[in-house]
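Input: a single structure, listed below in structure tokens.
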Amino acid sequence: MSEANWYVVHTYSGYENKVKADLEKTIENRNLQDQIQEVSVPMLAVTELKNGLEKQADKKMFPGYVLVRMVMNQDTWYVVRNTRGVTGFVGPGSEPTPLSEEEMLNMGFVEQSEPEMLIDFEVGDMITVISGAWKDTVGAIKSINEGKKTITINAEVFGRETPVELNFSEIKKM
């Protein structure tokens, strides 16, 4: 079986959610879950200002388009293409073109897997700052934030101890 790719489907404007619902119902009825794996209407959370009040709302990222992750074959092409509200696939002529991994990454649909970082220092270790505004500063690690990839040390500023947050790349262990 071929690998599933993301395809862009053009719809009538305003019919994106209806197309998604109809397509999901057809997938379930025809038992095509293994071939058409996901149907998505990309939304963007925005803050609107109306009558002086801020309001959270969702806006369609690509009005008139639906993203479908599927294995392209005659059956899946037929099911998607003949769903009410669909005007066609995006691609040259009648040839649907899958989105590349890079395009999906840029839209935020695919999480880029970062290699797990192993740190060789711990709270209390002495470090030297090797770059940035605090270069050549020496201090003891007070806290480590692995999520942000930062550490905090106390540096002397104007005769007082001041917490300074540094990136892992700016420091070296003494």
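Note that the structure is predicted; figures quoted are calculated from it, not measured. Scope of the values below: all heavy atoms of this structure, side chains included, with no hydrogens, waters or symmetry mates.
Thr162 places no side-chain N or O within donor-acceptor distance of the main-chain N or O of Glu156, the cut-off being under 3.5 Å. Distance alone, capped at 3.5 Å, is enough to place a donor-acceptor pair between the Ser100 side chain and the Glu103 backbone.
A heavy-atom distance below 4.5 Å is found between the side chains of Met72 and Pro96. At a threshold of 4.5 Å between non-hydrogen side-chain atoms, the residues Val79 and Leu23 count as touching. Within the 4.5 Å cutoff, no side-chain heavy atoms of Tyr7 are placed close to those of Leu67. Counting only heavy atoms from C-beta outward, the side chains of Leu99 and Asn5 never approach each other to under 4.5 Å. Taking the side chain as every heavy atom from C-beta outward, Lys60 and Val41 approach each other to under 4.5 Å. In this structure, Pro92 and Thr97 have side chains that are in contact, with non-hydrogen atoms separated by less than 4.5 Å. No side-chain heavy atom of Tyr65 sits under 4.5 Å from any side-chain heavy atom of Glu16.
Taking CD of Glu24 as the reference point, atom CD of Glu38 lies at 9.0 Å (rounded to 0.5 Å). Within the model, atoms CD1 of Ile144 and OG1 of Thr152 stand 9.5 Å from one another, a figure rounded to the nearest 0.5 Å. The CD1 atom of Ile141 sits 5.0 Å away from atom CD1 of Ile171, with the distance rounded to the nearest 0.5 Å. Separation of atoms CG (Asn167) and OG1 (Thr150) is listed at 7.0 Å; rounding is to 0.5 Å. Note that the CE atom of Met70 and the CG atom of Asp34 stand 13.0 Å from one another [nearest 0.5 Å]. Rounded to the nearest 0.5 angstrom, Glu101 CD and Trp6 CH2 are separated by 11.0 Å.
Linking ILVMFWY residues whenever their side-chain heavy atoms come closer than 4.5 Å, directly or via other members, places Met43 and Val39 in the same cluster. The same ILVMFWY cluster, assembled from side-chain heavy atoms under 4.5 Å apart, contains both Ile127 and Val123.
The shortest heavy-atom contact between Thr47 and Gln56 is OG1-NE2, 3.0 Å. Taking every heavy atom of both residues into account, Val164 and Trp134 meet most closely at CG1-NE1, 3.4 Å. Residues Ala155 and Thr137 come closest through the heavy atom pair CB-CG2, 4.1 Å. Contact record, Thr87 with Thr11: OG1-N, 4.0 Å, taken as the closest heavy-atom pair. Taking every heavy atom of both residues into account, Asn154 and Glu161 meet most closely at CB-OE1, 3.0 Å.
Salt-bridge annotation for Asp125 and Lys173: present, with a side-chain N of the basic residue lying under 4.0 Å from a carboxylate O of the acidic one.
The closest side-chain donor-acceptor pair between Asn73 and Gln35 falls under 3.5 angstrom. Side-chain contact annotation: Glu170 with Ser131, donor-acceptor N/O pair under 3.5 Å absent.
Under the side chain to side chain contact (heavy atoms under 4.5 Å, CB included) test applied with Ile36, the options Asp75, Val68, Val71 reduce to a single match, Val68. When the options Val80, Val90, Thr83 are evaluated for a side chain to side chain contact (heavy atoms under 4.5 Å, CB included) with Val9, the one that passes is Val80.
Aromatic ring pairs are classed by plane angle as parallel below 30°, tilted from 30° to 60° and perpendicular above 60°; the pair Trp77 and Phe89 is parallel.
Around NZ of Lys18, the count of heavy atoms belonging to other residues, nucleotides or ligands within 6.0 Å does not exceed 12.
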**Asked** For Leu44 and Asp58, what are the C-alpha separation, side-chain angles and deciding distance, and is it a side chain to side chain contact (heavy atoms under 4.5 Å, CB included)?
**Response** CA-CA 5 Å; Leu44 185 63; Asp58 288 331; over 6 Å; no
